[in-house]
Asks: 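Got a structure for you, questions after.
Just so it is clear, the model here is predicted, and its values are computed rather than measured. In what follows, chains carry the letters A, B, and so on, assigned in the order in which the sequence lines appear, proteins first and then strands, with residues in each chain numbered from 1.
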4 protein chains.
Amino acid sequence: MSTATLAKNDMIFNRRESNVRSYCRRLDAVFDKAVGSVITDESGRQYVDFLAGCASLNYGHNDPDMKQALLDHIGRNGIAHGLDLFTTAKRRFLEDFESLILNPRGLDYRVQFTGPTGANAVEAALKLARKVTGRNNVVAFTNGFHGVTQGALAATGNRYHRMGPSTQHSGVSRLPFDGYLGADIDTAEILERMLSDPSSGLDSPAAILLETVQGEGGLNAASPSWLRQIAHLAQLHGALLIVDDIQAGCGRTGTFFSFEGIGIVPDLVTLSKSLSGFGLPMALLLIRPQHDLWRPAEHNGTFRGNTHAFVTAQAALRKFWSDDIFSRRILDKARHVGERLTAMTDLIPGSRVKGRGMMIGIDVGSGELAEAICRRCFEDGLIIETSGAYDEVVKILAPLTTPDDLLDYGLDVLESAIHAALTDRAAAAAE
Amino acid sequence: MSTATLAKNDMIFNRRESNVRSYCRRLDAVFDKAVGSVITDESGRQYVDFLAGCASLNYGHNDPDMKQALLDHIGRNGIAHGLDLFTTAKRRFLEDFESLILNPRGLDYRVQFTGPTGANAVEAALKLARKVTGRNNVVAFTNGFHGVTQGALAATGNRYHRMGPSTQHSGVSRLPFDGYLGADIDTAEILERMLSDPSSGLDSPAAILLETVQGEGGLNAASPSWLRQIAHLAQLHGALLIVDDIQAGCGRTGTFFSFEGIGIVPDLVTLSKSLSGFGLPMALLLIRPQHDLWRPAEHNGTFRGNTHAFVTAQAALRKFWSDDIFSRRILDKARHVGERLTAMTDLIPGSRVKGRGMMIGIDVGSGELAEAICRRCFEDGLIIETSGAYDEVVKILAPLTTPDDLLDYGLDVLESAIHAALTDRAAAAAE
Amino acid sequence: MSTATLAKNDMIFNRRESNVRSYCRRLDAVFDKAVGSVITDESGRQYVDFLAGCASLNYGHNDPDMKQALLDHIGRNGIAHGLDLFTTAKRRFLEDFESLILNPRGLDYRVQFTGPTGANAVEAALKLARKVTGRNNVVAFTNGFHGVTQGALAATGNRYHRMGPSTQHSGVSRLPFDGYLGADIDTAEILERMLSDPSSGLDSPAAILLETVQGEGGLNAASPSWLRQIAHLAQLHGALLIVDDIQAGCGRTGTFFSFEGIGIVPDLVTLSKSLSGFGLPMALLLIRPQHDLWRPAEHNGTFRGNTHAFVTAQAALRKFWSDDIFSRRILDKARHVGERLTAMTDLIPGSRVKGRGMMIGIDVGSGELAEAICRRCFEDGLIIETSGAYDEVVKILAPLTTPDDLLDYGLDVLESAIHAALTDRAAAAAE
Amino acid sequence: MSTATLAKNDMIFNRRESNVRSYCRRLDAVFDKAVGSVITDESGRQYVDFLAGCASLNYGHNDPDMKQALLDHIGRNGIAHGLDLFTTAKRRFLEDFESLILNPRGLDYRVQFTGPTGANAVEAALKLARKVTGRNNVVAFTNGFHGVTQGALAATGNRYHRMGPSTQHSGVSRLPFDGYLGADIDTAEILERMLSDPSSGLDSPAAILLETVQGEGGLNAASPSWLRQIAHLAQLHGALLIVDDIQAGCGRTGTFFSFEGIGIVPDLVTLSKSLSGFGLPMALLLIRPQHDLWRPAEHNGTFRGNTHAFVTAQAALRKFWSDDIFSRRILDKARHVGERLTAMTDLIPGSRVKGRGMMIGIDVGSGELAEAICRRCFEDGLIIETSGAYDEVVKILAPLTTPDDLLDYGLDVLESAIHAALTDRAAAAAE
């Protein structure tokens with residue numbers, strides 16, 4: 001970043017933007033434009049984007065078809081803000097969501113347009129589960145991330161976001177996620193034991209809430225058999241199974257929903273992030289019809305009808321989910337990325353590949369090393385971030401539409417950055 | 001609505017949209033386009049919009065200048081989704097917000113871009129106030145409305161949204177709003193008494209949270225002296241004063257902030273709804289610098305950088321807030337609307353005008369009558385809604401840009417609807 | 001206290017007793033024996049007791065008839081600890097409680113022997129009210145005192161005792177007590193307004209919990225009409241009325257229950273303190289039969305059958321409540337004490353008599369003055385304490401059996417102490 | 001029980017005692033007298049007592065020396081109720097508790113006399129741990145039992161007792177107790193993993209609360225190494241270690257405290273049940289001096305000075321804990337009981353002996369069988385009860401003073417009852 005830019009940032013961002021800002025501290029350019037997997041700062045420098053708005057841009061930046069649909073909509077004075085009124089844009093989205101997503105998968109869900117953030121969809125899911133069951137407790141898992149509004153935050157594991165030991169997060173019981181206690185301990189059995197035991201202290205839950213792949217938690221992928229056990233336990237104990245598919249859904253793992261092909265049907269599903277396709281705020285709660293016990297407006301919100309997002313979301317469904325070609329391409333890319341990452345683990349003792357589909361990364365063993373690698377990448381024009389309890393996982397959330405050569409280019413940059421970071425570390429250790 | 005349309009709605013909205021939908025139940029057209037204060041359904045029928053996205057469209061639908069700015073931004077592949085990265089669009093918004101809003105008013109605030117819903121800004125405000133003070137309790141008021149996520153919902157008064165007597169909303173003490181107990185009782189003195197008394201059972205609060213004019217609560221406008229007393233009590237007792245200006249801000253009461261000219265400076269201010277100008281999801285928390293104790297990302301959210309909204313928000317600031325012309329026009333319109341509404345109260349025994357600025361309406365004494373009036377209006381092409389504990393207030397939230405003749409046309413429709421509804425009621429009573 | 005005693009206290013009390021100790025700080029003798037209204041320290045000094053174990057010794061210390069009954073019981077190896085087993089002692093207590101207390105007053109209550117503390121009876125009352133109504137919120141009042149327990153159950157694992165999946169209740173809404181806002185404001189109307197308003201933010205309560213005379217809160221006596229209004233509101237809104245009669249019951253106000261003769265019948269009544277008559281730990285919850293929805297042991301506790309207390313409690317019922325003589329004597333004494341206190345208020349500008357029956361005192365306007373008066377009293381051989389939010393009320397809780405001459409002797413000491421304290425204060429002010 | 005007795009019970013217990021009563025439902029005699037380990041009903045029938053007031057009568061009923069001390073105290077008009085005043089009885093108890101219990105064990109604790117129930121001591125411990133650490137969360141374990149209070153304080157107005165603005169605590173995290181997940185899983189490692197992981201969702205705890213042997217939970221005895229690990233984790237993570245020794249303390253496991261000889265020193269210890277020796281209500285919290293941060297009366301209660309209990313408690317200390325003879329006798333008895341129970345397990349397939357010291361029993365595999373055995377025992381004159389999540393453990397809580405021959409007599413009755421219950425079951429199965 002040029003001195004002039006820095007000075008300018010000092011003038012306004014440092015002066016006026018709250019200390020809560022974060023990504024901009026490490027990725028400290030001023031970005032201006034973006035197309036596909038490439039983002040350009042105001043000085044004209046280009047970066048390959050392996051962050052993709054934390055999986056909010058699965059189809060890349062400014063996809064031309066969505067862009068055109070949005071320009072057309074705005075150009076003809078289409079509704080921008082529609083509360084929860086019926087609009088032609090909402091109808092078109094619903095029709096395509098039904099015919100392209102629900103019907104082919106044999107899924108029967110009602111759609112609730114919640115406030116347009118993932119946290120809001122989680123809040124709605126928890127409220128509805130508590131209303132349906134008349135219970136208060138919710139089972140959530142170690143390293144889960146579900147947002148930071150008070151209800152959602154109770155289910156989020158991260159101590160930093162939970163803001164210290166004196167806060168109060170009620171009505172959530174925390175159980176170990178799949179693999180949390182090592183390969184030898186089946187954590188579903190712990191949950192089973194505690195649910196069955198009337199003296200365990202685990203109150204009968206309204207819901208079991210989980211991500212099939214924990215994104216923020218460090219790309220922890222649950223096994224299909226564990227997910228089936230949990231789904232079975234939920235049913236057995238009268239709890240609703242909520243799959244939070246906000247980060248793992250919309251194709252990120254290779255299928256539209258991350259739970260496809262596993263043999264479970266959640267009672268409630270949250271979607272957001274890449275749902276609009278274009279990065280616009282939008283969120284959904286899918287509800288099995290028998291649980292749709294809401295009274296009108298019982299959960300509401302001003303922006304639950306972000307009509308621009310309906311327009312781009314529909315365009316995304318039509319372009320990418322009319323057949324299975326996109327899905328197969330994701331899996332091909334994922335295989336390739338996995339192979340390259342596996343090769344890179346040879347460079348770093350103790351490292352390993354984690355994740356599923358295009359939600360994949362390397363646990364490099366320490367947050368310091370991961371940060372050094374990401375910093376090197378940024379210097380070399382690659383935007384990439386970490387996740388995990390210690391920020392120890394370098395995660396790749398590249399747009400699913402990234403061309404193969406660009407993907408390899410980014411991976412080359414990553415590989416070089418690993419070399420460089422390790423060299424730096426060795427040099428520092430030698431001093 | 002045509003039979004064909006109804007049938008089509010049955011096919012998809014009734015089949016797929018959750019029971020939680022609400023406005024669309026009463027305003028049951030399928031809307032397609034909108035310009036200024038006029039909205040058009042898919043059959044081509046036009047409606048005057050006195051709801052304006054619940055005050056999210058203070059500048060009307062598809063304002064041509066904001067529209068052009070947004071088309072330009074999209075056309076040149078400007079960033080759509082930017083997390084909390086530095087972007088040129090965010091910088092431009094911050095610069096104009098500082099020079100056009102903060103500086104002229106002598107206000108020194110840091111800006112936090114929260115998740116793009118009002119509830120999220122409230123959640124951030126409550127968390128920050130609790131962090132800053134190390135206290136848990138929050139004072140909120142009767143008939144307050146602050147959103148429906150768990151933390152915000154605890155502060156919201158509406159029993160329907162609170163979802164019944166068995167739910168758990170912790171950490172909020174409820175006090176009577178200004179005027180709640182009649183003209184003879186100064187409710188600020190009740191708060192003062194309870195705050196001062198170490199045995200009152202009111203725990204020392206982290207914050208006092210209020211709307212200067214309660215929108216959803218029934219257009220209850222607090223008096224300047226009451227607001228000053230509350231601000232004084234907050235300061236005296238070490239609590240942060242949070243003004244929730246989500247509905248009353250952005251010009252709705254005649255000034256950009258609803259608390260201007262009253263002699264109070266809140267510690268925290270929430271803004272949303274009309275902030276983007278165009279109806280796009282966006283929300284802010286304004287923080288006095290000494291309270292900006294956030295650590296990076298302590299409160300986060302995927303869509304806290306809705307860049308399209310920054311673009312239109314900046315255009316709105318430039319167009320409407322570069323001088324005081326717009327503000328004076330609002331007050332002129334408000335005076336006129338107030339006079340016409342006052343005249344209408346003669347028609348309805350016991351009715352009265354409530355509110356402040358262009359956030360004004362008639363308390364007609366019963367939810368049934370108010371609903372009948374609104375239904376009549378809709379039949380005659382006017383979109384208008386109710387608020388208040390019993391939905392007994394017909395509220396006018398027309399775009400602040402509504403031309404005078406269109407405003408009068410809408411008020412004519414309302415007046416006719418009142419006549420008709422009263423005639424209907426008299427006829428029903430005579431049977 | 002002699003130097004030797006002080007030294008001895010230093011050795012053991014200061015060394016081993018927690019800082020939480022309190023009364024002993026001001027009343028710093030080592031007490032040894034007591035009879036009636038006179039208590040003797042280890043040096044043989046005698047004190048008149050106007051504290052009476054905070055109204056736990058309404059019949060004085062070591063009443064000879066209760067004492068004999070207890071000695072007989074112990075002497076013949078009567079059960080001491082009986083869990084909740086049937087015992088002959090419990091049966092005798094229940095029979096006399098029914099025939100001497102309930103039947104003559106036309107009251108039909110089930111008796112729950114809770115853990116032997118007042119707080120435990122309140123805990124049971126709140127749990128039962130929440131279970132009966134399925135609601136969470138409880139209305140309590142400014143300056144109310146109901147004990148200091150708050151959550152052992154949270155740590156207990158047993159689901160049966162945790163009472164099902166919807167619990168984890170904590171909600172209390174605080175409303176102003178009768179007179180709290182001055183003589184001109186009817187605080188029952190505030191409660192009525194908030195209960196009726198669906199948007200007030202006051203969730204429909206499981207119970208309204210009150211003391212008819214707030215002891216710790218400063219001897220605030222509710223008026224009969226206010227109590228009837230509250231009872232009516234409870235019934236109207238489906239809430240249980242709980243009268244916490246722990247301090248005001250057992251004759252303290254002149255009748256066995258403090259609510260007699262007022263025209264209200266609480267749904268639940270808590271009793272403790274003077275219930276055993278002898279100062280032994282014992283507590284009861286009275287339950288209208290239709291609300292006795294407990295399952296066996298749902299609320300339990302090791303010492304809920306303190307059989308020694310049953311023995312003395314029965315003796316107290318027989319001795320004092322077989323007819324109305326005792327009750328009339330209390331009212332005579334109360335009248336006399338009231339007259340003398342009223343005379344004393346002439347000494348202290350701004351002071352006033354507060355309370356009802358033999359639960360009466362002088363609000364002297366400041367905690368400092370009240371403390372100075374009590375300290376002087378103690379020096380002169382009178383044990384007397386303060387209450388109120390600022391400890392500003394010198395309260396008389398003399399045994400109801402105190403002979404008239406001893407009562408006057410104590411009042412003489414108090415009057416002298418007031419003179420002395422005022423003289424000291426004037427002297428200090430003159431310096 | 002005679003028909004006359006039954007009829008009489010119907011008359012008063014059924015009519016007036018709440019449905020919450022429990023033990024009396026199974027043990028349906030009306031008890032009158034008791035000496036040592038023998039209890040006599042009103043018809044003169046004698047029962048051997050293997051329940052001992054749920055371990056509240058470790059020294060048997062009406063021990064002659066305590067009885068005489070209490071008769072002397074009452075006879076000479078010793079104080080019965082002393083609030084928290086200094087009394088000669090309290091001093092004597094403290095002196096002997098220091099010299100006979102604390103000093104010989106090298107323990108340095110402050111003593112808090114809480115309200116005289118175990119739950120109240122636990123309440124005080126949790127409040128103090130939260131105050132000391134400024135944290136909210138508490139780690140408790142599966143099958144733990146710590147009392148059933150949950151919120152009287154919420155209704156109390158006094159800010160001093162409410163302990164400041166940051167309270168309203170409710171958080172408990174539930175972890176598996178030692179052995180809960182089978183012999184192969186070290187549950188201390190699960191706790192370690194979750195405490196160390198900043199993203200586990202386990203908030204840093206104020207305290208870790210445990211029983212060394214879970215009484216109500218089914219006689220689950222933690223291993224010394226597990227207890228040491230937990231103590232180490234508490235220290236490492238800044239949490240207070242609270243040992244709830246209410247049931248396991250006072251000699252039940254063979255030593256005065258259940259944690260002696262293991263190598264841990266808890267920060268806080270709760271004692272109650274057999275503390276008074278005589279079955280009188282009494283409870284203590286032991287506090288390491290550096291944690292004694294209470295302000296005067298911050299936790300209070302009317303009966304925290306049950307002076308009768310101090311008298312008998314002192315007599316118990318002197319009689320049983322002046323040397324180690326009693327302790328060795330308990331261990332001898334425990335060995336013998338253990339051998340006899342082990343022999344009995346041969347009768348019941350799948351059964352096993354559980355517990356430690358004289359807190360021992362047989363897990364017979366089902367609540368039905370355990371209940372049948374206990375019912376048979378009662379018919380044959382032995383009072384014995386079950387514990388465990390399914391009431392599947394027949395537990396022996398005989399007085400520690402039970403003579404050997406009476407102990408064997410009771411065990412003979414138990415053995416016969418097992419035979420009979422199994423025969424009944426076989427007969428029922430054959431039908």
Side-chain angles (χ1 to χ4, degrees), chain C residues 12 16 18-24 30-35 42 53 56 62 77 79-81 83-88 94-95 110-112 115-117 119 122-123 140 143-157 161 172 209 278-279 281 292 294 296-297 299 302-303 306, chain D residues 12 16 18-24 30-35 42 53 56 62 77 79-81 83-88 94-95 110-112 115-117 119 122-123 140 143-157 161 172 209 278-279 281 292 294 296-297 299 302-303 306:
Chain C
I12 188 69
R16 285 293 165 205
S18 162
N19 293 324
V20 80
R21 66 193 187 279
S22 59
Y23 284 112
C24 52
V30 179
F31 298 100
D32 186 45
K33 294 189 295 188
V35 177
E42 63 178 346
S56 297
N62 283 306
N77 289 319
I79 304 274
H81 181 286
L83 291 167
D84 73 344
L85 294 170
F86 296 143
T87 60
T88 46
L94 279 173
E95 285 169 348
R110 293 291 190 86
V111 177
Q112 176 181 4
T117 66
V122 171
E123 293 272 350
N143 297 110
F145 191 91
H146 305 285
V148 299
T149 50
Q150 72 171 155
L153 182 57
T156 290
H161 289 103
V172 168
L209 168 67
F278 207 71
D292 185 21
W294 288 118
H299 185 86
T302 291
F303 294 116
N306 179 12
Chain D
I12 189 69
R16 285 295 166 206
S18 162
N19 293 323
V20 81
R21 67 192 186 277
S22 58
Y23 284 111
C24 53
V30 179
F31 298 100
D32 186 45
K33 295 190 295 189
V35 178
E42 64 176 345
S56 297
N62 283 304
N77 289 320
I79 304 274
H81 181 284
L83 291 168
D84 74 344
L85 295 170
F86 296 144
T87 61
T88 46
L94 279 173
E95 286 170 347
R110 294 291 192 84
V111 176
Q112 175 181 5
T117 66
V122 171
E123 294 272 349
N143 298 109
F145 191 92
H146 305 284
V148 300
T149 50
Q150 73 170 156
L153 183 56
T156 289
H161 289 103
V172 168
L209 168 65
F278 207 71
D292 185 21
W294 288 117
H299 184 88
T302 292
F303 295 116
N306 180 12

Asks: Can you see which heavy atom on Gln112(D) is nearest to which on Ser18(C), and at what distance?
Replies: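 Scanning both residues completely, I find the closest heavy atoms to be CB-CB, 3.8 Å.
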
Asks: If you measure from CH2 on Trp294(C) to CG on Asn19(D), what distance do you get to the nearest 0.5 Å?
Replies: 11.0 Å

Asks: How long is the straight-line distance from OG1 of Thr149(C) back to NE2 of His299(D), given to the nearest 0.5 Å?
Replies: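 Reported value, rounded in 0.5 Å steps: 7.5 Å.
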
Asks: For chain D, which candidate among Leu94(C), Thr117(C), Val35(C) shows the most heavy-atom pairs at distances under 4.5 Å?
Replies: Leu94(C)

Asks: Using heavy-atom distances under 4.5 Å, tell me whether Ser56(D) contacts chain C through its side chain, its backbone, both, or neither.
Replies: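 The side chain, not the backbone.
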
Asks: Is the backbone of Lys33(C) close enough, under 3.5 Å, to the side chain of Asn77(D) for a donor and an acceptor to pair up by distance?
Replies: no

Asks: Where do Thr88(D) and Asp32(C) come nearest, in terms of heavy atoms and distance?
Replies: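 Shortest heavy-atom separation between Thr88(D) and Asp32(C) comes out as OG1-OD1, 2.5 Å.
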
Asks: Picking from Thr302(C), Asn306(C), Ile79(C), which has the most non-hydrogen pairs under 4.5 angstrom with chain D?
Replies: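 Going by pairs under 4.5 Å, I would pick Ile79(C).
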
Asks: Can you say whether Leu85(C) sits under 4.5 Å from chain D via the side chain, the backbone, both, or neither, judging by heavy atoms?
Replies: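 For Leu85(C), heavy atoms of backbone and side chain both lie under 4.5 Å from chain D.
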
Asks: To the nearest 0.5 Å, how far apart are CD in Glu95(D) and CD1 in Ile12(C)?
Replies: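 The distance works out to 5.5 Å.
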
Asks: Go through the structure and list residues passing salt bridge (Lys or Arg N to Asp or Glu O under 4.0 Å) with Arg110(D), not counting sequence neighbours.
Replies: Asp292(D)

